Amino acid sequence: MKGSSSLLTGAATASSSSDQNNPLAPPPPSLGGTNGFLDNEPIADLFHDTSIMFSDIVGFTKWSSERSPNEVFRLLEQIFWEFDDLAVRHNVFKLGTIGDCYIAVTGIPDPVADHAIVLTQFAFDARDKVREVCGRLEREGLDTAKLDMRFGIHSGSTTAGILRGTKSRFELFGDTINTASRMESTGLEGKIQVSEETAELIRRDGKPRWLIKRDTMITAKGKGELQTYWVEPQRASYRVSFSDRVSNFFMENNHLIVSKGSLDDCCNSSAGGQLSQCDEEEKLEEDLEEDDLEVGVLSAAEDRCKEEEDVNLPVSKVSLGDCCCNSSAGGRLPQ
């Protein structure tokens, strides 16, 4: 495979021909032969490990039809400026924009081992930036609050190179880019949809919890029915302590009738809090599984209760259900 420098050098050389249709520009340098650069070898290569992202603003067509040209470009410039900044920080290659569609790739022109993870993280941050920009412009009177973006990512091999001519461009070709476009067009507002191939790479790189299997298969032109996945970063779970996540669960599911506390308060009878009557442990386990906490809440809570016993606190050690319903910790009260 050619080095990335050869592609970029080729791009710089070929770009000089883009001024040929400008009568004020100097004539392009001759590259020899009767057809100039067409007599030379094309500047192209096959990249085996790449991920490609398409993104599109949902509701843009209707919104732009009701706004002035300046307002339309104000929105696009601010969103794409933020995307360009994120691309630099994530080492993502911006392929270009088509209308309100932004296209980016990883693994081209430089290899990236975890290209699917990198591009997915870029999509997470890009989605946040879209909402930030739309919120700011809404406050300025541009009526952008209902606008959002959908993203599609697919991974595979891609042919890339300089398509030379009077307006030379860096282009990608192949099934991977077509499938990435289908991932975006069949997606939903505010969602990031990835193909099975991209999902497998995300699993391989240690982020299986990012993946949410889509309930229904999608139908893609030329591909038939495909199983796809939504991806969500679950970043909040890394910032919230285990105790807070457990107490949040019970607060949200009306198991506690006290102000927000922590697992310490649940296990420690000296906290003096009044605890509601818990459901039976079997039901509790089902609820916790549905909440999809990242750690085994019941087993971890048992360990926590055992730790509290070591300092002679009057708690039971059997389970979180017993811990919360322990009569020595405030009594069993109806919900």
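What you see is a predicted model, and the numbers here were worked out from it, not measured in a lab.
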### Task
Give me the ring orientation class for Phe83 and Phe151: parallel if the planes are under 30° apart, tilted from 30 to 60°, perpendicular past 60°.
tilted
For a 4.5 angstrom cut-off between non-hydrogen side-chain atoms, does [X] reach [Y]?
X      : Y      : answer
Leu226 : Met217 : no
Arg67  : Asp143 : yes
Asp49  : His115 : yes
Val194 : Met183 : no
Phe54  : Ile52  : yes

### Task
Would you please indicate if the ring centroids of Phe124 and Trp210 are separated by under 6.0 Å?
yes
#### Entry: Salt bridge present between Glu132 and Lys129 (N-O < 4.0 angstrom)
yes
### Asp125/Arg89 salt bridge by N-O under 4.0 Å criterion
no
### Query
Only one of Arg127, Arg209, Lys207 clears salt bridge (Lys or Arg N to Asp or Glu O under 4.0 Å) with Glu232; which?
Arg127
### Message
Checking Glu189 now: which residues fulfil salt bridge (Lys or Arg N to Asp or Glu O under 4.0 Å) with it, not counting sequence neighbours?
### Response
none
### Query
With Glu225, which residues qualify under salt bridge (Lys or Arg N to Asp or Glu O under 4.0 Å), at least two apart?
none
### Message
Testing Arg203, Arg214, Lys213 one by one against Tyr229 for a side chain to side chain donor-acceptor pair (under 3.5 Å), which residue passes?
### Response
Arg203
Show every donor-acceptor pair shorter than 3.5 Å between a side-chain atom in residues 91-98 and any protein atom, with sequence neighbours excluded, or say none if there are none.
unit_1 : atom_1 : unit_2 : atom_2 : d
Lys94  : NZ     : Asp84  : OD1    : 3.2
Lys94  : NZ     : Asp84  : OD2    : 3.3

#### Entry: Least distance between heavy atoms, Gly107 atom then Phe47 atom
O-CD2, 3.7 Å
